[in-house]
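Starting from 1, each residue takes its place in the sequence as its number.
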Amino acid sequence: MPVPKILLLAVLLAVTAGFVLFWVKQERGRRQPGPLLSGLHALIGFLTNFFDTLGIGSFATTTTVYRLWRLVPDQYVPGTLNVGHALPTVAQAPIYITIIEVGFET
């Protein structure tokens, strides 16, 4: 594997580790602890991230489901999308970076 790809993956891993540490710290400091993830939210996330790999954006489909079923209050949707789709996207990135051959200049 070329050095630029290794550097890219290393930076991605470092940023992800920082994100997870910050997220855990924030969750521990919440006044009203609750479940981090329900089964329904996990299913929605799995389906919308699967569609994301096919080219259908996960933010649009997740927002639609959240609003139709009133699962998340409107003011929390942007943050919920950013946090909820961050780790699946980080999992997808190394897969695509290593499998698909693209010039580093791209």
Atom pairs and distances, side-chain donor-acceptor, residues 48-59, under 3.5 Å, sequence neighbours left out:
from, atom 1, to, atom 2, distance (Å)
T48, OG1, I44, O, 2.9
T48, OG1, G45, O, 3.3
T48, OG1, T62, OG1, 3.1
N49, OD1, H85, ND1, 3.3
N49, ND2, G45, O, 2.8
N49, ND2, H85, ND1, 3.2
T53, OG1, F50, O, 2.5

Would you tabulate the side-chain donor-acceptor contacts of residues 93-102 under 3.5 Å, counting partners in other chains and residues two or more places apart, or write 'none'?
from, atom 1, to, atom 2, distance (Å)
T98, OG1, P94, O, 2.7
T98, OG1, I95, O, 3.2

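Hydrophobic clustering (ILVMFWY, side-chain heavy atoms < 4.5 Å, transitive): L21 and F19 are in distinct clusters. Residues L9 and I6 share a hydrophobic cluster, clusters being chains of Ile/Leu/Val/Met/Phe/Trp/Tyr side chains in contact below 4.5 Å. Side-chain heavy atoms closer than 4.5 Å link hydrophobic residues (I, L, V, M, F, W, Y) into clusters, and following such links, possibly through other members, connects L40 to V72. Hydrophobic clustering (ILVMFWY, side-chain heavy atoms < 4.5 Å, transitive): L71 and L81 are in one cluster.
In this structure, the separation between CG on N82 and OG1 on T89 is 10.0 Å, given to the nearest 0.5 Å. Taking CD from E27 and CZ from F22, the interatomic distance works out to 10.5 Å, rounded to the nearest 0.5 Å. Separation of atoms CH2 (W69) and OG1 (T64) is listed at 11.5 Å; rounding is to 0.5 Å.
Heavy atoms from other residues, nucleotides or ligands lying under 6.0 Å from OH of Y76 number 12 at most.
Looking at residues two or more places apart in sequence or on another chain, you find no side-chain contact (heavy atoms from CB on, under 4.5 Å) involving F46.
The shortest side-chain heavy-atom distance between V20 and L87 falls under the 4.5 Å cut-off.
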